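Every value quoted in this text rests on a predicted model; they were computed, and no experiment measured them. Counting starts at 1 for both ligands and their atoms, following the listed order.
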Amino acid sequence: MAQYVFAEGIKYLKGVGPARADALAQVGIKTCRDLLHFYPRRHLDHTNVSRVIDLKTEGETVTIIGTVVATKVISGRHRERFEVDVHDDWGGRLKLVWFKGFRWIRRFFVEGYRIAFTGDVSSKYGGRWTMVHPDFDRLDESGPRLSTARIISLYPGSARLQAVGLSSRTFRNIIYQLIKKRGLEFPQVLPEWVQEEYDLLDGRIALRAIHFPKSHDELRKAKRRLKFEELFFLQLMLRQIKKMRVKRKGIRLEVQGSRYSQFIDQVLPFELTEDQKKALHEIKRDMQSGHPMYRMLQGDVGCGKTVVAVAALSLVVDSEFQGAFMAPTEVLAEQQFASLQGYLEPIGIRVCLLVGGQRKRLREQILQEIASGSVDIVVGTHAVFQEQVKFKNLALAVIDEQHRFGVEQRATLFAKGNNPHMLLMTATPIPRSLALTVYGDLGITTIRELPKGRKRVITKLFRDKYRSEMEKLVLQQLSEGRQAYIVYPQVEESESSDLKNAEAGYRAWQQLCSGHSVGLVHGKMKSSDKEAVMAQFKSGETQVLVATTVIEVGVDSPNATVMVIEHAERFGLSQLHQLRGRVGRGKHQSYCVLMADWRQSIESRERLNVILRTTDGFEISEADLKLRGAGDFFGTRQSGMPELRIADISEDMPILEQAQEAVRRIWEQDHDLIRPEYQVMRTYFETFVLARMEGYARTG
Ligand code: ADP
Ligand code: MG
């Protein structure tokens with residue numbers, strides 16, 4: 001069938017060959033379709049190339065074309081750097097600087113080479129315009145299309161691709177050949193009426209135009225078409241998943257039980273908030289529906305998701321089934337185990353802990369208890385996914401901090417029961433656009449309300465110069481009987497960076513606050529040691545906890561009121577938000593102090609501004625999505641977030657809505673897609689899209 005030109009391998013394309021085919025496979029390009037969907041990272045237009053003499057503003061992002069005149073490696077005080085002098089065609093001089101990775105980069109900068117580069121300009125180095133770590137492409141001296149075409153496509157590069165000569169220029173050649181020879185065989189994957197109705201550029205033209213645009217207008221239309229197509233098939237896939245999910249039979253649970261009522265009425269020392277009640281209501285409704293629940297419970301750090309999950313687990317035990325509670329790290333699993341035990345053992349529910357590194361005898365005993373049903377609730381880490389772990393009758397799996405787990409892992413857990421209910425929890429709220437894309441219409445419950453009496457955390461930003469202000473604040477809080485976290489981006493001193501580190505910080509804080517004791521916890525410690533340090537902090541034995549981001553999620557010590565984050569400019573938004581969420585958990589006013597060099601980059605300044613401006617997790621995650629783009633938002637792989645190659649849902653919401661509508665219309669007409677006019681679309685969908693659906697289908 002003609003459309004299988006898309007499925008053909010690329011090895012035999014002109015200009016590819018075995019070595020390049022291998023390198024391409026490494027970046028996920030195996031078929032002709034993959035190659036055509038390897039969209040340019042950007043387009044270079046000779047009309048928007050800047051001249052050095054016109055540069056005015058520091059921090060401005062510009063593209064410049066120039067000739068290499070000299071290169072040198074300079075050994076600086078702390079580390080080496082690689083410098084390249086370039087002259088542009090108007091006599092302007094510019095310096096490019098690399099601090100790392102230059103062993104590979106050096107070979108592209110040979111005297112006389114012409115290079116196009118894009119980056120932020122600064123004048124930090126001796127008043128001359130400089131770009132640090134710019135994006136770049138070597139322009140061929142005489143390639144006819146390059147010097148004549150108005151718009152040139154530039155492709156994502158990597159060391160591996162470059163090593164086998166896969167530069168933008170080569171990509172252009174290979175793709176050009178493919179389109180020229182086989183372009184007329186490319187299938188029309190969208191039905192004609194969709195193309196017309198939504199005013200989309202023809203599919204074949206779009207594929208040519210994204211790589212070889214004749215004008216900006218054509219390029220814009222090509223992008224819109226391809227974004228639409230991508231989102232369209234994603235929506236179609238989500239529909240398909242839902243169709244499969246509702247067909248499944250789930251465990252119907254009793255929603256009134258003695259343990260549940262005891263938990264709510266006697267064990268819980270507080271009244272649930274309205275939002276917590278609403279969440280429980282929705283969960284109960286799902287768990288007695290006869291279909292497996294697949295629900296996301298999202299809410300800011302500290303809003304009390306754990307309690308809701310525990311209540312749901314108590315219900316499961318009331319119906320004489322087992323439950324699991326998954327945590328992403330051992331520190332966290334330990335903590336949750338302790339708190340679940342505290343809640344559940346008094347009402348006769350047996351809870352066990354399963355983590356890696358437990359002694360063999362103990363582990364075997366635990367496995368046996370899980371299999372026989374003599375424990376009700378298993379709290380654990382990734383260790384629970386292992387094959388040897390067999391439940392007697394798992395009915396509910398709770399996955400805390402769900403974005404830390406992969407789709408495959410959810411699937412593994414799901415397979416340990418007979419269509420168990422799944423409750424995914426996250427403190428990184430999902431912007432609506434993402435939620436629609438990733439989860440279709442998976443049930444989402446949101447807790448917005450914080451428990452009564454919480455005070456908003458006060459956030460401050462200090463530069464290193466004002467370090468003593470921060471120290472004063474910490475000491476003040478300690479003297480009032482409170483506790484503090486001090487977080488560092490790395491554990492120990494390292495040759496390659498000047499960052500402050502936890503080990504040095506630990507010594508410094510011991511000096512600083514004599515009279516208080518200081519603990520140190522980081523990822524390189526044995527887990528039993530970590531636990532001991534955490535327990536000491538929680539019990540108040542130590543007042544200051546120096547740490548790395550191992551404490552990022554879940555750690556709960558209501559008496560801690562200060563969170564100091566060193567080198568805050570190094571952390572991502574959701575990390576900062578999570579870290580800040582470790583304080584403000586009790587009745588005392590809490591503080592988050594960001595120690596940062598905010599002049600580092602525009603991007604880190606923007607991140608810090610967001611954190612200073614708001615404590616609302618939803619606002620932060622929207623901002624994060626905007627700043628980082630959807631691809632990086634969760635880390636695609638981990639979350640099962642489908643990889644989008646061209647659409648960017650932080651800005652393509654309108655296109656997403658149209659694609660959604662088109663899919664809905666098709667679905668309403670013919671959800672088996674059997675009409676003849678849908679045949680090409682269906683074959684394409686089944687061959688290229690459904691194949692990726694496995695992971696989803698199994699989890700929900
Ligand atoms: P999350 O997991 O959503 O970050 P937790 O479940 O760890 O939040 O709860 C944070 C803190 O708030 C815990 O100490 C918990 O005991 C407390 N808490 C939870 N719900 C309430 C409530 N309704 N009223 C008062 N305190 C609550
Ligand atoms: Mg939590």
Inset, instruction - Spell out, as yes or no, whether a donor-acceptor pair under 3.5 Å connects the side chain of His588 to the backbone of Asn559. - result: no
Inset, instruction - Describe, in one word, how the ring planes of Phe385 and Phe405 are oriented to each other, choosing from parallel (under 30°), tilted (30 to 60°) and perpendicular (over 60°). - result: perpendicular
Inset, instruction - Evaluate the side-chain hydrogen bond (donor to acceptor under 3.5 Å, both in side chains) criterion for residues Glu369 and Gln365: first the C-alpha distance (whole Å), next the side-chain angles of each, then the deciding distance (0.1 Å), finally the verdict. - result: CA-CA 6 Å; Glu369 286 172 353; Gln365 187 196 332; 3.2 Å; yes
Legend entry - Min heavy-atom dist Ala427 to ligand 1 below 4.0 Å: no
Legend entry - Proximal ligand 1 atoms for Thr273, defined as those under 4.0 Å from one of its heavy atoms: 23 (N)
Inset, instruction - Going by heavy-atom distance to atom 25 (C) of ligand 1, choose the closest among Ser339, Ser557, Pro451. - result: Pro451
Legend entry - Non-hydrogen atom of Met425 closer than 4.0 Å to ligand 1: no
Legend entry - Distance-only N or O hit between ligand 1 and Phe270, under 3.5 Å: no
Legend entry - Residues Arg570, Gln490; criterion side-chain hydrogen bond (donor to acceptor under 3.5 Å, both in side chains); working and verdict: CA-CA 10 Å; Arg570 313 286 292 199; Gln490 61 185 29; over 6 Å; no
Legend entry - Heavy-atom nearest neighbour of atom 17 (C) of ligand 1 within options Glu274, Lys452, Arg585, Arg454: Arg454
Inset, instruction - Mark yes or no: Arg448 above the aromatic ring of Phe618, with NZ or CZ under 6.0 Å from the six-membered ring centre and no more than 45 degrees from the axis. - result: yes
Inset, instruction - Number the atoms of ligand 1 from 1 as they appear, then name those within less than 4.0 Å of a heavy atom of Glu271, with their elements. - result: 22 (C), 23 (N), 24 (N)
Legend entry - Contact atoms of ligand 1, heavy-atom distance to Thr306 under 4.0 Å: 2 (O), 5 (P), 6 (O), 7 (O)
Inset, instruction - Report yes or no: does Gln543 contribute a side-chain atom to a donor-acceptor pair with the main-chain N or O of Ser517 at less than 3.5 Å? - result: yes
